[in-house]
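These numbers were taken from a predicted model, which means no experiment stands behind them. Letters A, B, ... mirror the listed sequences (proteins, then strands); counts begin at 1.
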Amino acid sequence: MCRRDWPAGARCCRWHASSRWGWPVAPIPKPSWRTCAKGARTLRGDCPGSSSERCCHRPRRSGHGDEAPVQCRVMPEDLVDDAAEAGAPLEAPQQPTLEILRHSAAHLMAAAVVELFPGAQYDVGPPTSDGFFYNFRLPRGATFSEDDLAAIEKRMGQLVERRLPFERSVLGRGEARALFSELDQPFKVDIIDRLGDAVDTVGIYRTGDFVDLCRGPHVPDSGWLGAVRLMRVAGVYWRGDERNEQLQRIYGTAWFTREELDAHLERLAEAERRDHRRLGRELDLFSVSEELGGGLVLWHPNGGLVRSVIEDHWREAHRGGGYDLVFSPHIAQRGLWETSGHVDFFAENMYGPLFIDERPFQLKPMNCPFHILIYKSQARSYRDLPIRFAELGTVYRYERSGVLHGLLRVRGFTQDDAHIFCRPEQIEGEIGRVVDFCLDMFRTFGFADVNIYLSTRPDKAQGSEEDWRRAESVLEGQLRQRDIAYRVDPGAGTFYGPKIDMKVLDALGREWQCATVQFDFTQPENFQLEYTGEEGGRHRPVMVHRALLGSMERFFGVLIEHYAGHFPLWLAPVQCEIVPVQDDVPEVVALAAAVVGRLRDAGLRAAVSDKPGERLPKKIRDAELRRVPYVVAVGRRDVERGDDRVTVRDTRRGGQYELAVSDLAEQLRTEAAEKRAD
RNA sequence: GCCGACGUAGCUCAGUGGUAGAGCAGCGGUUUCGUAAACCGCUGGCCGGGAGUUCGAAUCUCCCCGUCGGCUCCA
């Protein structure tokens with residue numbers, strides 16, 4: 001049996017005796033999804049548990065039907081936790097994966113931290129989707145500052161040069177507990193204590209003087225960890241619960257080669273160049289300001305123009321899709337929100353009541369009660385259904401100050417909301433129709449790839465489990481019927497029903513939550529909605545809530561980043577800019593004005609460059625920086641030639657060519673009318 | 001809200017105890033030039049706010065406010 005006081009380099013157990021690289025290949029758990037035996041014990045409770053048990057926070061079924069094995073998306077922390085729980089360490093594969101490399105990098109970082117900060121206690125340190133982290137507590141309440149990262153990284157570099165082996169051993173639970181008690185590592189002791197009696201042995205890894213509770217596997221030695229960069233430090237709650245003490249987490253990224261690391265850093269730089277907050281300022285699209293208040297947005301003329309074009313398209317599509325457009329006020333009597341259940345279920349996101357004539361009013365956090373009142377404004381017959389109300393409805397929700405983020409997370413936003421009221425037998429068709437409608441709209445805006453999630457019953461919910469199961473199967477059925485791949489996101493439904501979420505993938509492959517299609521059998525009940533059936537009886541309609549683009553604010557932010565500010569022609573604030581080569585030649589100025597006039601007559605947004613006196617290259621550069629799709633130079637040469645041809649510069653594709661003005665107008669008109677997304 | 005970083009001119013930033021700086025933008029002038037930055041000049045700042053330490057604070061300390069990266073939560 002392994003002993004904790006083994007001499008460096010000694011083989012302390014049968015695992016170690018054979019612990020040379022070249023072990024048989026063992027399956028490596030993916031960092032996100034893994035199969036969980038029903039009732040399996042983990043540190044966060046039995047599995048599968050309710051959504052409050054974080055172990056099973058996001059389980060899914062790996063196939064269809066109840067008999068399919070349940071898989072859990074385990075929080076990154078759990079990886080290490082349940083790795084320890086599994087007892088026997090995993091054997092190393094022939095070829096380490098990126099996950100193994102990053103997990104090893106986390107160990108090495110902890111080793112460096114423990115050397116540089118004696119008394120530091122370490123919690124868990126798993127790989128993540130693009131790197132790794134480790135959580136720490138420093139003695140006497142000290143904290144890391146970002147300046148410490150350079151020192152830690154430097155020490156890691158020294159450990160890399162020493163090519164320290166990752167030495168594995170297996171200890172009995174009691175032995176491991178004693179070891180970590182002696183090392184004054186309470187987090188590890190806690191993990192061991194939570195393993196339960198079923199677990200006899202745990203894995204231990206040693207790197208130099210650093211010892212960690214870990215299942216492994218790891219790279220053979222620290223020499224593999226040359227391409228590592230520590231990124232930032234963050235505060236995190238112990239075991240992810242905000243009632244707990246806050247630890248500090250250091251994030252890093254690790255790659256096999258320097259080149260891969262550089263490429264990763266370049267991707268981050270590209271994301272920064274596309275940041276909608278930066279482009280929003282540079283392109284004068286929108287602003288947020290301290291004076292205005294956090295989470296509130298001002299749409300400037302350029303952004304306002306893009307928004308108008310988006311909204312025009314949206315209205316046109318909805319009218320064509322069988323929706324009726326409606327409008328509703330920003331505040332209403334608070335009683336409406338008591339009836340809807342929001343006061344009970346959504347309170348933490350709602351602003352306080354506002355008193356008018358001594359009666360409480362509520363700034364609206366959602367649009368649904370209004371559409372319900374429109375439904376209730378008259379007796380409805382089965383012949384009227386389905387009824388589809390759509391509205392660009394501005395709502396206000398309280399968000400904690402730390403989560404506000406440009407246009408992507410705000411406190412006041414306009415949802416492109418719709419509510420469908422239908423007969424129970426119509427629900428499947430309506431859900432399917434909405435799904436198709438959404439995917440079609442996304443394609444128009446250049447999002448061909450969409451990830452789809454089915455969110456099921458949360459802990460805090462209205463309605464019977466039976467209703468929920470039926471509703472969930474309707475949603476699932478429509479997705480399957482369309483052969484749409486999806487994932488189940490258990491416990492993530494709203495309080496009134498399950499939902500389908502659609503997340504678009506942008507040009508950088510990032511996922512953004514936009515559409516949500518929510519089944520609701522509780523609001524019709526809360527508001528006592530009815531329709532008269534064919535046989536004259538009273539029936540309760542079913543409701544579907546649907547946001548498509550999500551909110552105008554978020555969608556605009558996503559669009560800006562997706563296109564890096566280079567909007568397709570139909571969305572561009574200025575579609576074509578005319579640049580006079582000589583400002584002081586009246587014939588040239590007249591020609592520029594004439595070209596602008598003809599483009600405008602074709603329905604295009606065209607303008608003359610507003611930089612008189614500047615040189616041509618400067619004017620071109622200025623238009624390029626403002627992401628104007630087409631720039632047309634007109635000069636004395638064109639006037640003298642008099643053949644109505646001009647030079648057109650295509651700033652997105654980089655081409656430059658001569659074209660008759662009439663052809664240019666027609667070409668751009670067509671491109672804009674077709675709403676080409678490229 | 002919590003951990004960390006940051007807050008200096010419209011924007012990007014330099015300035016770490018001794019008289020507030022640069023580039024770009026803006027304005028004025030010269031230049032009229034054929035596809036990503038002509039030249040000269042000028043304007044512009046209660047250095048986020050408040051309190052303190054000091055002969056003296058953009059600079060050091062404390063408290064607020066805000067922004068950014070995370071945590072938690074979500075459209």
Side-chain angles (χ1 to χ4, degrees), chain A residues 54 75 77 133 135-137 143-149 231-238 240-251 268 272 275 277-278 281-282 284 287-294 346 348-349 365-366 395 397-411 413-417 492 494 499 501-503 512-516 518 545 547-555 557-558 579-585 588-589 611-626 631-638 646-649 651 654 656:
Chain A
R54 293 174 49 88
M75 299 298 284
E77 296 92 321
F133 64 76
N135 296 342
F136 299 97
R137 176 165 64 192
T143 54
F144 294 112
S145 83
E146 257 157 49
D147 294 337
D148 297 326
L149 297 188
M231 305 300 289
R232 53 183 55 93
V233 47
V236 295
Y237 299 102
W238 180 53
D241 187 329
E242 66 180 325
R243 288 166 302 194
N244 287 341
E245 170 195 3
Q246 200 164 42
L247 308 179
Q248 274 195 306
R249 172 176 297 176
I250 300 177
Y251 282 96
L268 295 180
E272 200 178 320
D275 190 307
R277 293 164 300 186
R278 164 202 288 261
R281 188 170 46 239
E282 289 175 359
D284 195 17
S287 64
V288 293
S289 77
E290 191 174 337
E291 271 181 290
L292 181 64
F346 204 65
E348 67 267 28
N349 286 299
M366 289 192 179
V395 298
R397 298 182 186 171
Y398 173 71
E399 298 284 357
R400 300 211 271 188
S401 63
V403 307
L404 300 176
H405 181 96
L407 293 176
L408 299 177
R409 194 70 183 277
V410 293
R411 285 174 171 165
F413 57 98
T414 301
Q415 272 190 318
D416 63 324
D417 216 351
T494 67
K499 61 176 180 170
D501 284 337
M502 300 186 185
K503 303 184 182 184
W512 304 96
Q513 162 88 56
C514 290
T516 179
Q518 306 176 345
H545 303 243
L548 205 175
L549 305 178
S551 78
M552 301 313 292
E553 286 76 8
R554 168 174 290 180
F555 190 71
V558 172
V579 180
V581 180
Q582 301 86 12
D583 298 303
D584 64 341
V585 177
V588 169
V589 172
K611 296 245 171 284
E614 295 293 349
R615 301 187 150 202
L616 182 67
K618 179 61 178 286
K619 293 175 184 173
I620 299 288
R621 175 183 150 85
D622 180 69
E624 290 260 9
L625 290 177
R626 282 183 289 112
V631 179
V632 172
V634 299
R636 191 182 279 134
R637 219 162 63 193
D638 304 298
V646 290
T647 313
V648 181
R649 183 186 178 90
T651 66
Q656 190 168 302

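- B:C3 sits 26 Å from B:U59 when the C1' atoms are compared, rounded to a whole Å.
- A:Gly294 comes within 4.0 angstrom of sugar-phosphate atoms only, judged by non-hydrogen atoms across all strands, and of no base.
- Separation of the P atoms belonging to B:A37 and B:C13 is 23 Å when rounded to the nearest angstrom.
- Here the separation of B:C46 from B:G21, taken at their P atoms, is 15 Å to the nearest Å.
- Checking B:C11 for Watson-Crick or G-U wobble geometry (two distances, each under 3.5 Å) identifies B:G23 as its partner.
- Annotation: of the two residues near RNA chain B, A:Ala547 and A:Ala234, the 5′-most nearest-nucleotide partner is A:Ala234.
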- request: Could you give me the CA-CA distance, side-chain angles and deciding distance for A:Arg411 and A:Tyr398, then say whether side chain to side chain contact (heavy atoms under 4.5 Å, CB included) is met?
  value: CA-CA 6 Å; A:Arg411 285 174 171 165; A:Tyr398 173 71; 3.7 Å; yes

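- Here A:Arg232 lies in heavy-atom contact (under 4.0 Å) with sugar-phosphate atoms only.
- Candidate nucleotides B:U32, B:G1, B:C11 were compared by shortest atom distance to the side chain of A:Val403, and B:G1 ranks first.
- Across the P atoms, B:G17 and B:G50 are found 23 Å apart, a figure rounded to whole Å.
- Put simply, CZ on A:Arg621 is 18 Å from C1' on B:G34, counting in whole angstrom units.
- With rounding to whole Å, A:Arg409 atom CZ is found 12 Å from B:C71 atom C1'.
- Between A:Lys611 and the phosphate of B:A36, there is no side-chain N or O to OP1/OP2 separation shorter than 4.0 Å.
- Base pairing of B:U31: no nucleotide in any strand meets the Watson-Crick or G-U wobble criterion (both distances under 3.5 Å).
- A:Thr647 comes within contact range of at least one nucleobase, with a heavy-atom separation under 4.0 Å.
- Here A:Leu625 lies in heavy-atom contact (under 4.0 Å) with a base.
- Two residues are said to be in side-chain contact when any heavy atoms from C-beta on lie closer than 4.5 Å; A:Phe413 and A:Val395 meet this criterion.
- Base pairing annotation: B:U67 forms a Watson-Crick or G-U wobble pair with B:A5, both donor-acceptor distances under 3.5 Å.
- For A:Arg637, taking side-chain heavy atoms from C-beta onward, the closest of the listed nucleotides B:C73, B:A25, B:G34 is B:G34.
- When each of B:C74, B:C71, B:C68 is scored by its nearest atom to the side-chain atoms of A:Arg554, the top-ranked nucleotide is B:C74.
- Distances from the side chain of A:Arg281 to the nucleotides B:U12, B:G69, B:A75 place B:U12 closest.
- With hydrogens and angles ignored, a donor-acceptor pair under 3.5 angstrom links the side chain of A:Glu399 to the base of B:A75.
- Within the 4.0 angstrom heavy-atom criterion, base atoms lie near A:Gln582.
- Contact between the side-chain N/O atoms of A:His405 and the OP1/OP2 oxygens of B:U67 is not found at any separation under 4.0 Å.
- Of the candidates B:G70, B:A75, B:C33, B:C33 carries the atom nearest the A:Arg636 side chain, counting heavy atoms from C-beta on.
- Between the P atom of B:A75 and the CZ atom of A:Phe413 lies a distance of 8 Å, rounded to the nearest Å.
- Annotation: B:U53 and B:C62 have their C1' atoms spaced 11 Å apart (nearest Å).
- Below the 3.5 angstrom threshold, one finds no donor paired with an acceptor across the side chain of A:Arg615 and the base of B:U32.
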message: Using side chain to side chain contact (heavy atoms under 4.5 Å, CB included), reason through A:Gln656 and A:Thr647 one step at a time and then give a plain yes or no.
response: CA-CA 7 Å; A:Gln656 190 168 302; A:Thr647 313; 3.8 Å; yes

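- At least one donor-acceptor pair under 3.5 Å links the side chain of A:Gln513 to the backbone N or O of A:Ala515.
- Across the P atoms, B:C55 and B:G70 are found 45 Å apart, a figure rounded to whole Å.
- Between A:Leu404 atom CG and B:G69 atom P there is a gap of 11 Å when expressed in whole angstrom units.
- Listed candidates were B:G4, B:A36, B:U72. Nearest to the side chain of A:Thr143 is B:G4.
- Of the two residues near RNA chain B, A:Gln518 and A:Val236, the one whose nearest nucleotide lies more 5' is A:Val236.
- For A:Gln415, counting side-chain heavy atoms from C-beta on, the closest listed nucleotide (B:A75, B:U32, B:G4) is B:A75.
- Picking from B:C73, B:C11, B:G1 the nucleotide with the shortest atom distance to the side chain of A:Arg400 gives B:G1.
- Here the side chain of A:Asp416 pairs a donor or acceptor atom with the backbone of A:Leu548 at under 3.5 angstrom.
- The CG-P distance, from A:Asp275 to B:G69, rounds to 7 Å in whole Å.
- Rounded to a whole angstrom, the distance from the P atom of B:A14 to that of B:A22 is 16 Å.
- Note on A:Asp638: a base of the nucleic acid sits closer than 4.0 angstrom, heavy atoms only.
- Here the P atom of nucleotide B:U35 and the CD atom of A:Glu614 are 16 Å apart, to the nearest Å.
- The partner of B:C73, taking Watson-Crick or G-U wobble pairs whose two distances both stay under 3.5 Å, does not exist in any strand shown.
- The CZ atom of A:Arg277 sits 13 Å away from the C1' atom of B:C6 (whole-angstrom rounding).
- Note on A:Val579: nothing from the nucleic acid sits closer than 4.0 angstrom, heavy atoms only.
- Separating the OH atom of A:Tyr398 from the P atom of B:G1 is a distance of 6 Å, rounded to the nearest angstrom.
- Salt bridge absent: A:Asp622 and A:Lys618 never bring a charged side-chain N and a carboxylate O closer than 4.0 Å.
- Pair assignment for B:G17: none, as no Watson-Crick or G-U wobble contacts are both less than 3.5 Å.
- Here the separation of B:G45 from B:A58, taken at their C1' atoms, is 11 Å to the nearest Å.
- One finds a side-chain N or O of A:Lys499 lying less than 4.0 angstrom from the OP1 or OP2 phosphate oxygen of B:A75.
- In this structure a side-chain-to-backbone donor-acceptor pair under 3.5 Å is present from A:Arg554 to A:Leu408.
- Using a 4.0 Å cut-off between a side-chain N of Lys or Arg and a carboxylate O of Asp or Glu, A:Lys499 and A:Asp501 qualify as a salt bridge.
- Residue-nucleotide stacking is not present for A:Tyr251 and B:G70, judged by a side-chain ring centre under 5.5 Å from the six-membered base ring centre and planes under 30° apart.
- Pairing partner, B:A57: none, since no Watson-Crick or wobble contact has both distances short of 3.5 Å.
- Judged by Watson-Crick or G-U wobble contacts below 3.5 Å, the nucleotide B:G45 has no partner.
- Set against B:U35, B:C74, B:U32, the side chain of A:Ile620 has B:U35 as its closest nucleotide.
- Picking from B:U35, B:U32, B:U72 the nucleotide with the shortest atom distance to the side chain of A:Ala633 gives B:U35.
- A:Asn244 places no side-chain N or O within donor-acceptor distance of the main-chain N or O of A:Tyr237, the cut-off being under 3.5 Å.
- Of the nucleotides present, none pairs with B:A37 by Watson-Crick or G-U wobble criteria with both distances under 3.5 Å.
- In this structure, A:Arg137 contributes its side chain and A:Leu247 its backbone to no donor-acceptor pair below 3.5 Å.
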